[in-house]
Protein chains: 2
Amino acid sequence: MADTGTTPRERYRTQVRAEIKQRAWEQIAAAGASALSLNAIAKQMGMSGPALYRYFAGRDELITELIRDAYRSLADTFRATAAPQSPADGSGAPGAHLAALAHTLRDWALDDPQRYFLIYGTPVPGYHAPDDITTIASEIMATLLEACATLPSDGPAPFRRAMAFWTRLHGVLSLELAGHFTGMDLDPAQLYAGEVEALLRP
Amino acid sequence: MADTGTTPRERYRTQVRAEIKQRAWEQIAAAGASALSLNAIAKQMGMSGPALYRYFAGRDELITELIRDAYRSLADTFRATAAPQSPADGSGAPGAHLAALAHTLRDWALDDPQRYFLIYGTPVPGYHAPDDITTIASEIMATLLEACATLPSDGPAPFRRAMAFWTRLHGVLSLELAGHFTGMDLDPAQLYAGEVEALLRP
DNA sequence: CCTCTTGCGTTAGAACTTCTAACGAACGAG
DNA sequence: CTCGTTCGTTAGAAGTTCTAACGCAAGAGG
């Protein structure tokens, strides 16, 4: 499976890169992105520090790669979320695709909260993502926009609807993932579902 | 002004602590909380590294103190946001207090985005805020709840309304502050105002 | 099959970081 | 004026990222 690359060298290289990234994700899930340590990853893999620099130019490039993978993962997950049996003319349930996207988003975020925050969390003031990453970001937005365009248009314009969808769901989701709802006698899933429902009937 | 403490020693101590925190805020605003360096602060203040440990037990305690100050600042700013000339019986403009809180929140966040993210940004998996900080957090929530309770009650219950207020405004605000709207031909202030308006008429 | 270039992992070390320990000096209370 | 507390210092341990130089192993070309 997945013999990326032709030569044995390339295969080995991509395999090691993949393992490095996997350990990096484990560290990030455990203690956040700021606690990611190249040295610790190297030790876990049984090799000594600077060896990792054969695979990533540095900590920043590794993190950027993880951010790219996170965007890619969300974009693919969004794309794979088909409108459930809607006959392309938008009959069936009108907002089924949007609702499916909403629940896909929440599942994806809950699956790895720190991955979500790598995309939508606290920005680093100096940092600017490379162009290909912003391209993936607009892919995500495009998927959302398409789903909004299939709705009956007696409500707001597709773009306004998409922005409301994005901002409101991110609002609930990020506060939930950050733990701001704990001890508040509140079911985050229900709050989320309530916002989705409100979004589908304006 | 503000001669906190009686003895000269205490005055000097609180003054140095204040300067340390101020430099810390500058660093955080410039490069994010993860780039905060005690050594750099010490050098800026003309003293050598470990001297700061007389004033803060370590980096974590300093950051916790900054988080506390951020919460305190937001709570005070919220409390100071009076309902504009509403005669206590809730006549006048019904949602004036809520609208004022909304704009106060945005102004406060724009004034120092990293301070906002210190409260509502990416959480550190291991970290749990001390009890007094969660107390301040509930102060903020209480202010919001009170403002929601003065609304005509043909809409949702005050608690639901407060949650919608919180999550929706945080959704728009955090995405704006993180720069996710750049290059999107969209006025964040307008989007924000639109959400506020929608919040006031359900 | 043999060479030879390319790539990988190593150690050494510089420049950082947080943080502890021990020392000396200055300050203020008695 | 003395004496104890507090402050700032330097030294150093244990981390971190990252560069440089070295040796070895593995694949490519003759």
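Letters A, B, ... mirror the listed sequences (proteins, then strands); counts begin at 1. Every heavy atom of this structure was used, including side-chain atoms; hydrogens, water molecules and symmetry mates were not.
Distances shorter than 4.0 Å separate some side-chain N or O of A/Tyr55 from OP1 or OP2 on C/dG9.
In the set C/dC8, D/dT10, D/dC7, D/dT10 carries the atom at the smallest distance from any side-chain atom of B/Ser48. Side-chain atoms of B/Ser37 lie closest to C/dT17 of the nucleotides C/dT17, D/dT16, C/dT10. For A/Tyr12, counting side-chain heavy atoms from C-beta on, the closest listed nucleotide (D/dG8, C/dG9, C/dT18) is C/dG9. Side-chain proximity of B/Arg13 to C/dT11, D/dC7, C/dA21: nearest is D/dC7. Set against D/dT10, C/dC8, C/dT18, the side chain of B/Tyr53 has C/dT18 as its closest nucleotide.
As rounded to whole Å, 15 Å separates atom P of C/dG9 from atom CG of A/Leu38. B/Lys43 places its NZ atom 12 Å from the P atom of C/dA15, with the value rounded to the nearest Å. Distance A/Arg59 CZ to D/dC18 P: 8 Å, rounded to the nearest Å. Remark: C1' of D/dT16 and CD of A/Gln44 are 16 Å apart, rounded to the nearest angstrom. Between the CZ atom of A/Arg17 and the P atom of C/dC8 there is a distance of 11 Å, given to the nearest Å. Taking atom CD of residue B/Glu10 and atom C1' of nucleotide D/dT5, one finds them 13 Å apart after rounding to whole Å.
Looking only at side-chain heavy atoms (C-beta outward), B/Tyr192 and B/Leu105 come within less than 4.5 Å of each other. Residues A/Leu52 and A/Leu62 have side chains not in contact (no heavy-atom distance under 4.5 Å, counting atoms from C-beta outward).
Each of B/Asn39 and B/Pro8 lies near DNA chain C, and the nucleotide nearest B/Asn39 is the one positioned closer to the 5' end. Along DNA chain D, the nucleotide nearest A/Asp60 and the nucleotide nearest B/Met47 are compared for position; the residue whose nucleotide lies closer to the 5' end is B/Met47.
Residue contacts for A/Arg9: at a heavy-atom cut-off of 4.0 Å it reaches a base atom on one of the strands shown. Within 4.0 Å (heavy atoms only), A/Phe56 reaches no atom of the nucleic acid at all. Using a 4.0 Å heavy-atom distance criterion, B/Arg54 is classed as a base contact. Using a 4.0 Å heavy-atom cutoff across all strands shown, B/Leu52 reaches no nucleic acid atom at all.
Note: A/Trp166 and B/His180 have perpendicular aromatic rings, judged against thresholds of 30 and 60 degrees for the angle between ring planes.
Counting heavy-atom neighbours within 6.0 Å of A/Arg160 CZ, excluding the residue itself, gives a total of 12 or less.
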Assess the residue pair A/Glu19 and A/Gln15 against the criterion (side-chain hydrogen bond (donor to acceptor under 3.5 Å, both in side chains)); give the C-alpha distance rounded to whole Å, side-chain angles, the decisive distance to 0.1 Å, and a yes or no. CA-CA 6 Å; A/Glu19 183 175 349; A/Gln15 187 179 332; 5.9 Å; no
